[in-house]
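Read through the structure below, which is laid out as C-alpha cells, and then see the notes.
Numbered from 1 within each chain, the chains take letters A, B, ... in sequence-line order.
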Amino acid sequence: MDYNFTEIEARWRQRWADEKVYEVKADESKPKYYVLSMFPYPSGAGLHVGHPLGYIAADIYARYKRNKGFNILQPMGYDAYGLPAEQYAIQTGQHPAITTDKNISRYREQLDQIGFSFDWSREVRTCDPQYYKWTQWAFQRMFDSFYCLDCQKALPIVQLVAHLSEKGTEGLHVAQSQELELTAQQWNAMTEREQQEVLMNYRIAYLGETMVNWCAGLGTVLANDEVVDGVSVRGGFPVEQRKMKQWCLRISAYSQRLLDGLDTIDWSDSIKETQRNWIGRSEGAEVRFQVKDSDESFVIFTTRADTIFGVTFMVLAPESELVEQLTTPEQQAAVAAYLDEVKHRTELDRMAGKKVTGVFTGSYAINPFTGDEIPVWVSDYVLAGYGTGAIMAVPAHDSRDYAFAKTFNLPIVPLVEGCDVSQESFDAKEGIVTNSPAAGKSSLDGFTLNGLSIKEAIAATKRFVEEKGLGRVKVNYRLRDAIFSRQRYWGEPFPVYYKEGMPYMISEESLPLQLPEVDKFLPTETGEPPLGNAKVWAWDEEAHEVVDNARIDHKRVFPLELSTMPGFAGSSAYYLRYMDPRNDEALVAPDVDAYWKDVDLYVGGSEHATGHLIYSRFWNKFLFDIGASCVEEPFKKLVNQGMIQGRSNFVYRIKNTNTFVSHGLKAQYDVTPIHVDINIVQNDILDVEAFRNWRPEYADAEFVLEDGKYVCGWAVEKMSKSMFNVANPDHIIARYGADTLRLYEMFLGPITQSKPWDQNGIDGCARFLRRAWNLYFDKEGKLAVTDEAPIKESLKSIHKLIKKVSQDMEEMSYNTSIAAFMICVGELASQKCRSRAVLEPLVVLLSPFTPFVACELWQLLGHEEIVFDAPWPAWDEAYLKEDTVRMAVSFSGKTRYTIDVPADATNDEVEKQALGHELASRYLEGKQLIKIIVVPKRIVNIVVK
RNA sequence: GCGCCUGUGGCGAAAUUGGUAUACGCGCCAGACUUAGGAUCUGGUGACGCAAGUCGUGCAGGUUCGAGUCCUGUCAGGCGCACCA
C-alpha cells in the first residue's frame, strides 16, 4: 500500500472531530498537565510556516504527556482585538468584527490541517462579550482595590476608607501615586467627590494625569513597550510626550513580587534577565536638601550616597513641580523659554539630539553634609517619572553630570584616590574614597568617608543619613504603571461612566458592557476617541442599562467612557478562562481552578518579554490576591520558540537590460539583485519558464546560465510578502502531508533557536516517513506485520529508540529524536524486521510527531482504541547491553589503538588487555608508566612519562 | 555604555554534560535500476597527504592523563535595556 497521506489525513481529521477525541474534563483520578501556546492575533495574511512552529512543539509535548497518562488541557483561541482590523475598517468601512471573523475562520482551517490536539470546545475570543465580561470584571476589581505594602497584597478599597475615616493617612503604608497627608477629620469633612479624588491616589486601576506616549499618527496613546526609538512599533509614527488623563494599572506596586517570582519559575535566563532589567530595581537613598534663604526643601534619590561631597549642582526635571517653586524672578523668563523648548521636542529629538541643554533656576540648595551652597538647574536629562524627579549632580563620577558640567562650566570635584577626571568621569564603583570631606573642610558631626572603599562608603553614608534624619534608605523601581486607555474603537469598552467628571463603575450584574455600534471608526471632529461617534452610549444608573446619548441628564443618565482597553487586557488572564470558558458566574469556578491550577508549559515568542509576559504575571498576582486564582505565578515553565526567518532568493539583472545572469557569474557584470518568488525556485535553481510567466515584464527575459542552470542567490530576511519568501503551510501539506510538515519543522533545529525556513531539506523527512510506512507492508502492499519474535538486533534498535525519544521529550529536543527515528527505521529495514513486538511501540513513539500516520497504522495493527490512549513504551536496559565494548587506548591522551573487551570486564582485566596489545610495548618503550585511567566503557588512558 | 545569549564541515545541526568531534538530514561525488528523472536504491564525502600520518570546534593562553565542553583574556554576530541618578 502506498503512503497516501492526503487520504489518511482527511479521514483522521474527520474522525478526531466526530469523536471529539481532544475534549477534556477535570478528572481527579488523573494528574493534570496544562500545555498552552500563546494565542494568535488572526491577521489577514493567514498562517505562514513560522507560526505553527511553537504550536507543533507544544502539541508534541502534550501528546507525549497524554501517552504518559496525564489529563491534558491544551486549548486554543484568538487574541481578536487589534489595530489591523481597525485600520482596515477605517479604510473600507468594513466592521472589524466581520474582518476578524473571516480571518479566524481561515486560521482555524489552516490549524486544523496541521493536526493539533487542541480542545476546540474551549475556544475563547477576546472580542466575545462572554469573554471580555471577565476582562471588565477584573478591571472593576482593580478599581475597588488598593495595595498594602505591609502585607504585600491587594486589599478591598473599603478597608482603606475605614482607615482614612479613623486615622487619616497616619500609619498608612500603601502604594500610591503621591504621598498625601490627611487627618481623619479632614477626610470625614470631605464631600463624596473629594473623597473619590483622594481614593484615586490609591486604587490599583486608577484614572491618572500622566505623561503618556501620544502617537498622533495612530490617534492614541501607547504603552512603553509599544514605543521603540521614539516611534510607534506599529506604523513607525513619531511619538511625543503629553500629559493626559488616562486609566492606569498600578503594576509598579507589584515590582518586588514580580522580581521575586522570577526565582520560582522555569523560564530562560535571558527572558528573566530582560524582565529584571525592565523592573529595574535599584537600592539607594533619598536625601533632603534645604533651599537657601527659603523654607522650601526637596528630596533627591541617589544610588551613590557616597558621592555627596562631590555634589556641585542640582538638577530638576523640567516637568517637576519644584521648577516653578524654585525659579527666582530674575530667571523666570529664561526658565519659561527652556520649558517651552523642551515641550516641543518629541521623544525622538530628545534621543537623537543628545544635546546637553539646561537652565539655571536662580536658587541654591544647601548640602546637608557640608553646608555648601549648590546651584539648582533644570535639564531634560533628568526624568520626572523616576525617583523624585530631582538629582544631586556629581560630575566627577557620573558621565551625564560630567557632560552637563562641561557644557555649563560647573566645577568637578573628584572623590576617588588617583582617578583622572580631566577627560571623562570616573563612573566605576571601585577605589578608595578621598576628599570626603576635603582637607581643611568640616562636615556635619565630623562625618568622613576618607579611606573607605566605595562599597563601604555607600553603606556608611546610608546609615548616617538614616541616623541623622537627613533622608531614608529607599528602593526604586524603573517599572512604570501601565497606561490602560487607548483612544480606539476595536477593544474592550471600559465599564465606566462619569458623574460630575468622576468615574463610577457600572454594576457588576450589568457586565458585560458591550461595545457599541458606530458609523465611523475614526476619532470625532472634536478629537474624541471613536466611541464618541456612538449614538447609544450613555448609562442609566437606575435602570442599569445603556441608553441613547440624547437622554443624558447628569442626574440618572450619564456619559460612558470613550476609551477602550489595550491589547494586553484580553490576553492577561485568558489561560484561566480556558479552564472554564462557558462559566457565566465566575472567571473560573474555584474547584476547576484548583484542579488545573496553572500552565505547566507555556510556548510562545520572546518578543512578549516586557509586554504580555509581565502584564499577565501582574494580572494573575492581583487575581491571586483577591482569591480568583489559586496560584501566584501563571506560567510554570516557559519555552520561547525561535522565529522562522525567510530565505529569499535573488536573480541578477544586468543593468538596463532584461538579461539575468546566474549567481556564480554575476561578478563579471554590473547587476541589480531582484527578489524572486521562492515558489519558482527549487534548491536555488530557477525555473526559467515559470520566471518568464511570473510577471509580464519578464516574459522575454534572457538568461546567462552556468552548467545549463540558472542559480539564484539567497539571503536570510524577515518572512514577508514583499520579499516573495513566504512559505505557506497549505502548499507544503498538499505536497508532502501534515505529518511531514510537523516532522520537518521540528527537525530544522532546536525550537528555541531562530532559523531561516529552508525548504531544501524537507524531502529527507518525507523519505523517512515513507520508509517507516514501508516497514509495515510487503511488496504487494499487504500488511506484513507478524507475531514472530523479533531478532536481538531489532529489539536493541527499538529499545535504543524508546530510551532516546523518552529522554529527549523532556528536554523538547525533538530534532535529535527525529535523527534517532531515522537511524532506527534504517536499521529495522535492513534487518527486515516485521515483528509486531517491535513495530507496535514504534507507532506509539511516532504518534506525538506524526499523529495521522500513527493513527492509521495503529488501526491497521488491529487496535480498537486510538493510539493517543496507548501507554508510552518503556525501555529495558537489558536489551541495550553490549556483549563486547570497543575501547580506545590512549597514551597520555593520544589515541593509539582500540581493543574489544567483554562488556562486564573489570578495570583490572581491561588494563591487562590494553597492555597486552602488540603495539603497547612500542608506545611504552623508553617511558615510565605513571597510571592507567579506565573511563567506563569508552577509553583506556595510559599515562606515561 | 550595561546585561544576556551564540560562534563546530559547503548548509541546518549532533556530541551520553570533561572521554574516539562532525550523529541525522540537505547538498555534492560515484554506482545500480531506468526511454527519462526534480523518482527509488547502494556506497563515499572535515582539511592536507600516494601512504603511514599530521592538523582540525572564532582567536590567544590556562587547568587536566584527556577540553567543542571548565577558567582567563580577546574578536565577531545576535537580543534586551539605555540620559533610570
Side-chain angles (χ1 to χ4, degrees), chain A residues 228-229 268-282 284 300-305 307 315 317 350-351 354 356 379-383 385-394 397-401 403-404 427 476-480 606-607 609-610 640 643 647 682-685 687 714 743-744 747-750 752-765 767-768 770-771 803-804 807 813 815-824 826 829-830 886-895 898 930-945:
Chain A
V228 169
D229 293 334
S268 74
D269 287 339
S270 71
I271 281 261
K272 285 189 188 180
E273 204 52 37
T274 301
Q275 291 210 344
R276 285 193 192 103
N277 279 339
W278 191 258
I279 296 166
R281 179 191 157 98
S282 60
I300 57 91
F301 174 75
T302 179
T303 54
R304 290 293 302 273
T307 59
V315 189
R350 206 166 148 165
M351 289 203 267
K354 294 241 162 160
V356 181
S379 173
D380 66 353
Y381 84 88
V382 174
L383 304 177
Y386 186 77
T388 60
I391 62 153
M392 61 179 214
V394 186
H397 302 292
D398 182 287
S399 55
R400 297 152 304 182
D401 297 345
F404 195 82
D427 291 15
N476 261 328
Y477 300 90
R478 206 185 64 95
L479 186 68
R480 312 291 171 79
S606 57
E607 66 272 20
T610 56
N640 297 118
M643 266 220 290
R647 187 179 187 278
Q682 183 92 33
N683 291 352
D684 291 335
I685 309 297
D687 181 338
W714 60 274
L743 212 50
Y744 184 56
F747 185 64
L748 224 41
T752 54
Q753 210 153 299
S754 288
K755 57 232 153 189
W757 176 259
D758 181 355
Q759 190 137 346
N760 295 341
I762 198 165
D763 290 304
C765 286
R767 253 194 295 270
F768 156 73
R770 206 166 39 237
R771 283 177 192 156
K803 184 177 182 181
K804 175 72 176 153
Q807 288 174 345
S813 174
N815 56 330
T816 55
S817 281
I818 295 168
F821 271 115
M822 290 171 171
I823 295 168
C824 180
S830 64
R886 175 152 299 180
M887 298 184 81
V889 181
S890 316
F891 285 81
S892 287
K894 209 140 209 140
T895 303
T898 59
I930 307 290
K931 61 180 165 178
I932 301 178
I933 298 158
V934 179
V935 178
K937 306 292 175 236
R938 307 298 302 182
I939 278 181
V940 186
N941 199 337
I942 298 168
V943 186
V944 291
K945 201 162 73 178

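- Taking atom CD1 on A:Ile939 and atom P on B:rC65, their separation rounds to 15 Å, with Å as the unit.
- The distance between atom CG of A:Asn760 and atom P of B:rC26, rounded to the nearest whole Å, is 11 Å.
- Residue A:Leu748 is classed as a sugar-phosphate contact, given heavy-atom separations below 4.0 Å to backbone atoms only.
- For A:Leu383, whose side chain is taken as the heavy atoms from C-beta onward, the closest listed nucleotide among B:rC65, B:rC24, B:rA85 is B:rA85.
- Contact between the side-chain N/O atoms of A:Arg478 and the OP1/OP2 oxygens of B:rA82 is found at a separation under 4.0 Å.
- Here the shortest heavy-atom pairing between A:Met887 and A:Val934 reads CE-CG1, 3.9 Å.
- Taking only side-chain atoms of A:Asn941, from C-beta outward, the nucleotide of B:rG19, B:rU20, B:rA14 with the closest atom is B:rG19.
- Taking atom C1' on both B:rC79 and B:rC71, the two are 26 Å apart, rounded to the nearest angstrom.
- Dashed line: the shortest gap from a side-chain N or O of A:Tyr386 to OP1 or OP2 of B:rA85 is under 4.0 Å.
- Of the nucleotides present, none pairs with B:rA39 by Watson-Crick or G-U wobble criteria with both distances under 3.5 Å.
- Rounded to whole Å, the P atom of B:rA76 lies 16 Å from the corresponding atom of B:rA60.
- Of the candidate nucleotides B:rA85, B:rC24, B:rC4, B:rA85 has the atom lying nearest to any side-chain atom of A:Asp398.
- Judged by distance alone, with hydrogens and angles left aside, the side-chain atoms of A:Arg281 form no donor-acceptor pair with the main-chain N or O of A:Asn476 at under 3.5 Å.
- Here the nucleotide nearest the side chain of A:Lys755, chosen from B:rA13, B:rC65, B:rG25, is B:rA13.
- The nucleotide B:rG19 finds its pairing partner in B:rC65, both defining distances of the Watson-Crick or G-U wobble pair being shorter than 3.5 Å.
- Residue A:Lys804 contributes atom NZ, which lies 10 Å from atom C1' of B:rC24 at whole-angstrom precision.
- To the nearest whole angstrom, the two C1' atoms, one in B:rU63 and one in B:rU72, are 11 Å apart.
- Looking at the side chain of A:Ser270, the nearest of the listed nucleotides B:rC4, B:rC24, B:rA14 is B:rC4.
- Between A:Tyr744 and A:Trp757, the gap from one ring centroid to the other is short of 6.0 Å.
- Applying the Watson-Crick and G-U wobble criteria (two distances, each under 3.5 Å), B:rC33 pairs with nothing in any strand.
- Between B:rG27 and B:rG46, the two C1' atoms lie 15 Å apart (nearest whole Å).
- Closest-nucleotide positions on RNA chain B for A:Thr274 and A:Ala820 were compared, and the one nearer the 5' end corresponds to A:Ala820.
- Here the C1' atom of nucleotide B:rA82 and the CZ atom of A:Arg276 are 19 Å apart, to the nearest Å.
- Separation of the C1' atoms belonging to B:rG9 and B:rC28 is 12 Å when rounded to the nearest angstrom.
- In textbook terms, a nucleotide whose glycosidic angle is within 90° of 0 is syn, while B:rG12, being further out, is anti.
- Between A:Phe301 and A:Ala819, the residue anchored nearer the 5' end of RNA chain B, judged by the nucleotide with its closest heavy atom, is A:Ala819.
- Counting non-hydrogen atoms under 4.0 angstrom, A:Asn815 reaches the backbone sugars and phosphates but no base.
- B:rU42 shows a glycosidic angle more than 90° from 0 and is accordingly assigned anti.
- The OH-P distance, from A:Tyr477 to B:rC81, rounds to 20 Å in whole Å.
- Between A:Arg767 and B:rG25 there is no side-chain N or O to OP1 or OP2 distance below 4.0 Å.
- B:rA23 and B:rU57: their C1' atoms are spaced 15 Å apart (whole Å).
- Atom P of nucleotide B:rG19 and atom CZ of A:Phe891 are separated by 21 Å, given to the nearest angstrom.
- Side-chain atoms of A:Lys755 come within 3.5 Å of backbone atoms of A:Pro750 as a donor-acceptor pair (strictly under, hydrogens ignored).
- Atom CG of A:Asn277 and atom P of B:rC5 are 12 Å apart (whole Å).
- In a base pair of the Watson-Crick type (N1 to N3 plus N6-O4 or O6-N4) or a G-U wobble (N1-O2 and O6-N3), with each distance short of 3.5 Å, B:rG73 is matched with B:rC59.
- Of the candidate nucleotides B:rC81, B:rG38, B:rU20, B:rG38 has the atom lying nearest to any side-chain atom of A:Asp687.
- Between the side chain of A:Ser892 and the backbone N or O of A:Val943 there is no donor-acceptor pair closer than 3.5 Å.
- Using a distance-only test at 3.5 Å, with no hydrogens or angles considered, a donor-acceptor pair links the side chain of A:Asp427 to the main chain of A:Ser399.
- A distance of about 28 Å separates the P atoms of B:rG43 and B:rC50, rounded to the whole Å.
- Within the structure, a side-chain polar atom (N or O) of A:Arg771 is placed less than 4.0 Å from OP1 or OP2 of B:rC41.
- A:Tyr386 and A:Phe301 have perpendicular rings, their planes meeting at more than 60° on a 0 to 90° scale where under 30° would count as parallel.
- Using a 4.0 Å cut-off, no side-chain N or O of A:Gln807 falls inside it from OP1 or OP2 of B:rU16.
- The main-chain N or O of A:Arg304 is found under 3.5 Å from a side-chain atom of A:Thr302 such that the two form a donor-acceptor pair.
- As rounded to the nearest Å, B:rA15 and B:rA52 have P atoms that lie 31 Å from one another.
- Looking at heavy-atom distances under 4.0 Å, A:Ser282 makes contact with sugar-phosphate atoms alone, never a base.
- Note: CG (A:Asp763) to P (B:rC24) measures 19 Å, nearest angstrom.
- Checking the phosphate oxygens (OP1, OP2) of B:rU40, a side-chain nitrogen or oxygen of A:Arg770 falls inside 4.0 Å.
- Nearest heavy atom pair, residue A:Ile300 against residue A:Thr388, reads CA-OG1, 3.4 Å.
- Using a 4.0 Å heavy-atom distance criterion, A:Ile823 is classed as a sugar-phosphate-only contact.
- Across all strands shown, B:rG25 pairs with B:rC11; the Watson-Crick or G-U wobble distances both stay below 3.5 Å.
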